[in-house]
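Every number for a ligand or one of its atoms is a count from 1 in the order of the listing. Worth knowing before you read on, the calculation uses all heavy atoms, side chains too, and leaves out hydrogens, waters and symmetry mates.
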Amino acid sequence: MTSEEIRLLAKEADSRLDSVHSSESLEAFRVDYLGRKGRVTRLFEQLKTLSPEERRLLGSSLNELKNSLEKKLEAKVSSLSPPPRGREGFFDPTLPGLRPPQGRLHPLTQTIREITALFERLGFEVVEGPEVETEFHNFTALNIPPDHPSRDSFATFYTREERERESPFLLRSQTSTVQIRVMQKRKPPLRIVAPGRVYRPDQVDASHSFMFHQIEGLMVDEQTTFSELKGILHLFLRRLFGPETKIRFRPHFFPFTEPSAEVDVNCFLCEGRGCSVCGGKGWIELLGAGSVHPAVFEQVGYDAKRVQGFAFGLGVERIAMLRHGIPDIRLFFENDLRFLRQF
Ligand code: PHE
């Protein structure tokens, strides 16, 4: 070891310290030079091998190097730590705070939660089912046999690999599939609502989308009558749209309910006189409903002679659009914050 070596080490340490800008690299620097196996420490050990004369000379310059590095380290530590807060610091508690941006639930999520909460108060349990379904759950079990023409208006979005198989998979076209799944697993009495996404081969326009949301309802017991269906829907729709709401049941056809009905509410915009929202009819179609068809009970292994039930299905977008005056279904899916922030 020579005094030139010590001088070079000091110079190198100085320039390296200049490029230290974080407490991590400062600590690495400290270990590298002053740690137990650090470069300065190792030089101290070499002192032992020198003559007393050299030891004195080099020993004192080594000490100098060590002390100056320690001082510089300390100075660096305080330059890296944040400036003091409080009375002497820059912190001004009278300045207005920074508000973190607050998120919100999508209007469809809000609508689903509101509707399911209403049904929960009527004793219904919220359940969910898969969006990728078997043909059996989407059609056959719902009394829509393989050659039934009503499959056509739903049949799309099959998964390619499964097309060859015996029971292909497809994106469900209705939440009625969840009726089947629940009945396959459980015995009556049942009272469920099932919210979720459904898919249709529909041309997209202001009121149609290839994907939208439904809420399915199902009640099964030994005696569950059509008048109970009417009572429950009446209660539900009045809670949703107000106590003055009028309701109309129109005869309809669904393969999985008999008798079946479409349920309308009176148009609250024109109060029945006819306007663009109700298409001049004075009524707005909101739900499909009916008594569960005995063939459906047989598909899930229930004794159709001993149980009765009703089911209904409603479109979530439709209801949210009516309640908030939203003119176009596509607004829900464009993720434009200027739209979403209004709810
Ligand atoms: N699944 C039907 C549809 O999507 C709605 C419905 C549900 C009708 C339950 C009757 C009973 O149009």
Q | Gln308 and Glu222: side chain donor to acceptor below 3.5 Å | A | no

(Q) Between Val132 and Tyr199, is the side chain to side chain contact (heavy atoms under 4.5 Å, CB included) condition met? List the steps. (A) CA-CA 10 Å; Val132 179; Tyr199 301 82; over 6 Å; no

Polar proximity ligand 1 side, [X] side, N/O cut 3.5 Å exclusive:
| X | answer |
| --- | --- |
| Gln214 | yes |
| Thr257 | no |
| Gln179 | no |

**Q.** Leu237 to Val265 - nearest heavy-atom pair and separation
**A.** CD1-CG1, 3.9 Å

Q) Which atom pair, heavy atoms only, marks the closest approach of Thr257 to Ala311? A) CG2-CB, 4.5 Å

Within ligand 1, which atoms have a heavy atom of [X] less than 4.0 Å away?
| X | result |
| --- | --- |
| Ser176 | 1 (N), 7 (C) |
| Phe312 | 7 (C), 9 (C), 11 (C) |
| Glu216 | 7 (C), 9 (C) |
| Ala311 | 9 (C), 11 (C) |

Q.
Looking at non-hydrogen atoms alone, which of Phe253, Phe310, Phe256 comes nearest to atom 6 (C) of ligand 1?
A. Phe256

Q) Which part of Ser260 is near ligand 1, with near meaning a heavy atom under 4.0 Å away: side chain, backbone, both or neither? A) neither

Q: Write out the residue and atom name of the closest protein heavy atom to atom 12 (O) of ligand 1, then the distance separating them to 0.1 Å.
A: Phe254 CE2, 3.9 Å

(Q) What protein heavy atom lies closest to atom 5 (C) of ligand 1? Include the residue and the distance to one decimal. (A) Gly313 CA, 4.1 Å

Q.
Between ligand 1 and Arg200, can you find any atom pair, the residue atom being a heavy atom, that is separated by under 4.0 Å?
A. yes

Q) Going from CE on Met321 to CD1 on Ile284, what distance comes out if it is rounded to the nearest 0.5 angstrom? A) 11.0 Å

Q | Side-chain touch Met219/Phe124, heavy atoms, less than 4.5 angstrom | A | yes

(Q) Closer than 3.5 angstrom, by distance alone: can the side chain of Gln214 be matched with the main-chain N or O of Leu314 as a donor-acceptor pair? (A) no

(Q) Donor-acceptor check, side chain of His208 to backbone of Arg200, threshold 3.5 angstrom: yes or no? (A) no

